[in-house]
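What follows is a single structure, written as structure tokens, with notes after it.
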Amino acid sequence: MSRLSTIASNGVSDFSQLRQFHAQIIHHSLHHHNYWIAALIAQCTRVRAPPAYARLLFESSRRPNVFVFTNMLKFHSQWGAHQDVISLFLQMQRHHHDDVDLDVKPDAFVYPILIKSAGKAAVSLHAHILKLGHACDRYVRNAIMDMYAKYGPIELARELFDEIPDRTAADWNSIVSGNWKWGHEAEACRLFDLMPEKNVISWTAMVSGYSKHGDMMNARKFFEEMPEKTVVSWNAMLSGYVQNGFMEEALRLFRNMVDVGIQPDETTWVTIISSCSARGDPRLAESLLGSLDQRQIRLNVFVKTALLDMYAKCGSIGTARRIFDEMGTYRNPVSWNAMISAYTKNGDLVSARELFSEMPERNVVSWNSMIAGYAQNGHSSIAIELFKQMITNEDSKPDEVTMVSVISACGHLGALELGKWVVNFITQNQINLSISGYNSLISMYSRCGSMEDAKRIFQQMPERDVVSYNSLITGFAAHGHGTEVVNLFFKMKDEGIEPDRITFIGVLTACSHAGLSEKGLQIFYSIRSPEVDHYACMVDLLGRAGKLEKAKKLVDMMPMKPHAGVFGALLNSSCIHKRVDLGEFAADKLFELEPENSGNYVLLSNIYASVGRWEDVEKVRETMRTRGVKKTTGCSWVEFGGKVHQFIVGDWSHERSREIYQILEEVGKKMRAAGYVADKSCVLRDIEEEEKEEMVGTHSEKLAVVFGLLVFDVGATVRVVKNLRICRDCHVAIKIISKLERREIIVRDNNRFHCFKDGVCSCRDYW
DNA sequence: GTCCAGACAC
């Protein structure tokens with residue numbers, strides 16, 4: 001008996017020792033005694049025993065008392081099983097309610113655990129706890145204050161802190177960490193200096209605070225000055241280096257740590273492993289694993305999850321899955337999520353979805369991984385559908401990460417109506433957006449063709465970074481608003497934000513499309529080290545302006561190897577200016593670089609057609625046939641009633657197709673009556689049977705416009721979204737429809753926008 | 001006998 005007591009108070013060191021301990025308790029027939037059950041559960045927490053094991057222990061108690069409950073709560077809390085914590089607490093309350101004499105009244109020991117697990121939701125517990133009078137307990141008091149410090153409003157945490165008459169070190173540490181968390185660096189430092197007694201936790205909080213702010217100089221300074229260090233302090237410093245990308249420093253510190261005799265713990269390993277996955281360096285990881293093996297490190301679920309993630313990021317999805325399968329009952333939501341995102345990053349949405357539906361306990365990250373997976377792999381509609389499921393399910397609340405994916409999906413679909421509904425959802429659910437959230441809104445509005453909204457968001461943002469400017473610049477560039485872009489470019493410099501490569505691409509494209517050659521050249525020369533993409537923009541700019549010799553010269557002078565974009569720009573401008581020689585030169589290079597891209601063949605053929613060299617047109621067509629190059633057919637979308645309707649060439653799948661084609665026929669008659677004759681110079685039109693039709697063909701853009709304007713009354717503006725180039729025939733048709741209907745039609749084509757108004761198109765150079 | 005503050009994984 002006394003031996004058992006010794007084990008209980010000293011603790012076991014691993015799971016197998018725990019099982020021996022358990023066996024001895026059974027041997028002494030003590031396994032139904034609450035005292036021993038509580039002790040065993042406490043040891044489960046210590047060695048991170050599997051949840052099923054702890055649950056079995058819990059159920060072996062006929063009448064769990066407050067100790068058994070509390071230890072079980074602690075166990076769940078450590079695993080992050082917050083749902084279990086809450087339901088166990090409710091069970092406790094029920095037991096107490098049913099029989100007041102039973103020793104299960106939730107006490108001051110229970111509330112801190114509950115508050116920690118409930119997170120932000122613990123706000124609703126605050127009043128309840130005050131009523132029970134637990135708020136004067138220093139642990140409970142601290143837990144509540146800490147909750148406000150972590151989840152906000154931090155001001156309330158501060159009020160509570162100021163009211164505490166006998167502040168403990170924990171109270172000071174909570175308020176310091178809270179200030180770091182909310183970005184109040186100066187206040188955190190001020191409070192740290194005011195602290196009557198600083199302990200190792202206070203110092204570690206400062207190291208981690210500076211690290212999270214990217215201030216590694218000060219982080220290191222505090223780390224060096226600490227009077228004592230624990231393994232947690234080392235871990236904080238390590239993770240600071242890793243998160244700020246100082247991998248060499250991290251490894252050096254790690255060796256240093258081992259040298260001074262600090263035993264790395266599981267957190268250390270997780271940090272080191274995740275630094276390998278960030279670098280995508282499987283070799284380093286392998287050698288690390290070797291040392292893990294040598295040290296006989298027992299891999300806990302955290303380490304295993306980090307390993308899983310590392311293998312997935314280094315491209316060994318099979319190994320990742322093996323680890324996942326081996327984890328068995330040790331899996332927690334994070335392991336599931338890591339595996340799901342491994343699949344989505346690999347483009348394997350089927351396997352990801354399968355895991356997602358099998359998961360026992362989904363959290364917001366699971367939904368986010370899945371939604372982002374669809375959004376990033378081009379399945380925008382499914383991403384939005386899943387989001388709608390998420391909000392009906394109500395098991396997890398969407399956060400900013402969710403919303404960024406959903407916003408981006410709306411942008412790719414060009415679904416403005418849906419986008420506005422999403423924005424409304426964000427405000428109604430009080431989801432706080434960071435800079436990157438606002439940036440994604442700017443992108444979304446730009447992609448949906450609503451620059452007024454994009455600009456409004458930009459102006460309303462509390463703070464802007466280079467991505468904010470890039471998003472708006474790229475948007476205006478796509479709409480051909482050159483001067484707006486140039487103004488923004490100078491404004492950002494005034495604000496002290498350095499333009500990056502994306503900025504220059506946006507500005508140069510805008511100059512090119514708006515015919516601002518001089519401005520464009522001037523800006524190009526100001527780039528410190530121009531990259532190949534910038535040269536491509538300049539070739540485009542010079543080419544469009546008709547300075548094809550200069551464009552060709554620039555290609556020859558480039559300090560790096562030109563890529564397809566450079567020759568593509570040259571081919572495109574050769575087409576605009578009917579330059580067969582340069583067109584052939586560019587096309588030759590392109591056929592080598594990307595033989596399967598049909599667009600290049602079409603452009604070359606158009607050049608020949610424009611100068612009447614029909615035998616060469618035929619030759620290009622022959623080449624396409626022998627190489628098996630198929631002209632890509634695009635599809636168009638138009639949004640109506642919160643739904644995105646899709647059309648492809650010659651498509652009859654839409655439920656109102658009959659009506660649409662009938663109206664198209666009538667529009668065609670009107671057009672012919674108005675004197676419009678189909679333009680016969682539209683070449684390669686017989687590559688696809690459908691394109692044989694005259695003016696009133698069945699191209700997707702026409703279907704979309706007719707649907708939007710005439711079948712459904714969408715109002716003044718109909719937005720058509722298409723990501724491939726629209727054909728010349730459709731371009732003309734849309735112009736005519738806009739004139740006949742006296743309405744605005746916005747077409748997104750190849751991520752550029754054309755606004756048709758009363759038969760006039762805003763773009764200058766497209767055809 | 002239990003509870004709070006600092007580090008890690010998606």
Side-chain angles (χ1 to χ4, degrees), chain A residues 5 8-9 34-36 38-39 41-42 45 65-75 77 80 107-116 134 137-147 149-150 167-178 180 195 198-209 211-212 226 229-240 242-243 264-275 277 300-310 312-313 332-342 344-345 363-370 372 401:
Chain A
S5 303
S9 57
N34 278 338
Y35 177 91
W36 292 106
I41 295 174
T45 308
N65 65 5
V66 67
F67 294 113
V68 174
F69 266 111
T70 309
N71 289 359
M72 195 63 201
L73 277 170
K74 172 79 181 156
F75 178 84
S77 155
D107 57 12
F109 289 106
V110 167
Y111 284 100
I113 307 175
L114 183 67
I115 292 166
K116 200 178 163 195
H134 287 310
D137 178 89
R138 61 198 189 93
Y139 291 105
V140 178
R141 202 179 60 189
N142 176 270
I144 293 171
M145 201 261 284
D146 189 62
M147 186 259 310
K150 276 201 180 82
R167 295 177 198 121
T168 63
D171 295 323
W172 281 95
N173 291 337
S174 285
I175 200 76
V176 167
S177 299
W180 274 117
M195 275 170 81
K198 303 175 180 57
N199 58 21
V200 62
I201 294 177
S202 331
W203 285 93
T204 308
M206 293 305 281
V207 171
S208 131
S211 299
K212 294 228 162 83
M226 286 172 81
K229 297 182 184 69
T230 62
V231 65
V232 180
S233 325
W234 287 87
N235 290 343
M237 195 65 225
L238 264 180
S239 91
V242 171
Q243 277 166 10
D265 69 357
E266 288 152 341
T267 301
T268 320
W269 290 113
V270 169
T271 308
I272 294 291
I273 293 169
S274 73
S275 84
S277 37
N300 73 357
V301 59
F302 281 60
V303 181
K304 281 191 180 158
T305 304
L307 280 174
L308 186 166
D309 182 56
M310 182 197 73
K313 289 202 174 120
N332 67 12
V334 180
S335 337
W336 284 88
N337 293 341
M339 199 61 228
I340 288 176
S341 93
T344 60
K345 294 224 169 76
N363 61 20
V364 61
V365 181
S366 332
W367 287 94
N368 289 351
S369 308
M370 212 53 233
V401 179

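Keep in mind that this is a model prediction, so the values were computed, not measured. Below, chains carry the letters A, B, ... as their sequence lines are ordered, and counting in each starts from 1.
Nucleic acid contact for A:Lys229: none, since no nucleic acid atom lies under 4.0 Å from a heavy atom of the residue. A:Lys212 comes within 4.0 angstrom of the backbone, heavy atoms only, and of no base. Among the atoms of the strands shown, none is found under 4.0 Å from any heavy atom of A:Ala306. Residue contacts shown for A:Asp265 include a base, since a base heavy atom lies under 4.0 Å away. Counting non-hydrogen atoms under 4.0 angstrom, A:Thr230 reaches a base of the nucleic acid. Counting any heavy atom pair closer than 4.0 Å across all strands shown, A:Thr70 reaches a base atom. At the heavy-atom level, A:Tyr111 lies nowhere under 4.0 Å from the strands shown. Among the heavy atoms of the strands, none lies under 4.0 Å from A:Lys304. Across all strands, A:Ala38 comes closer than 4.0 Å to base atoms (heavy-atom distances). Within 4.0 Å of A:Asn199, counting heavy atoms only, lies at least one base atom of the nucleic acid. Among the heavy atoms of the strands lying under 4.0 Å from A:Asn332 is at least one base atom, whether or not backbone atoms are also near.
In this structure, A:Asn71 contributes its side chain and A:Ala38 its backbone to a donor-acceptor pair below 3.5 Å. Between the side chain of A:Ser369 and the main chain of A:Val365, a donor-acceptor pair closer than 3.5 Å is present.
With a cutoff of under 4.0 Å to any heavy atom of chain A, the contacted region of DNA chain B is bounded 5' to 3' by B:dG1 to B:dC10.
Partner of A:Asn337 under the side-chain hydrogen bond (donor to acceptor under 3.5 Å, both in side chains) criterion, out of A:Thr305, A:Asn332, A:Asn363: A:Asn363 alone.
Other residues, nucleotides and ligands contribute over 12 non-hydrogen atoms within 6.0 Å of the NZ atom of A:Lys229.
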With side chain to side chain donor-acceptor pair (under 3.5 Å) as the test, would you mind laying out the steps for A:Asn173 and A:Ser202 before giving the verdict? CA-CA 6 Å; A:Asn173 291 337; A:Ser202 331; 2.8 Å; yes

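With a 4.5 Å cut-off on side-chain heavy atoms, A:Met226 and A:Val207 count as touching.
Salt bridge A:Asp171/A:Arg141: present, at least one basic N to carboxylate O contact under 4.0 Å.
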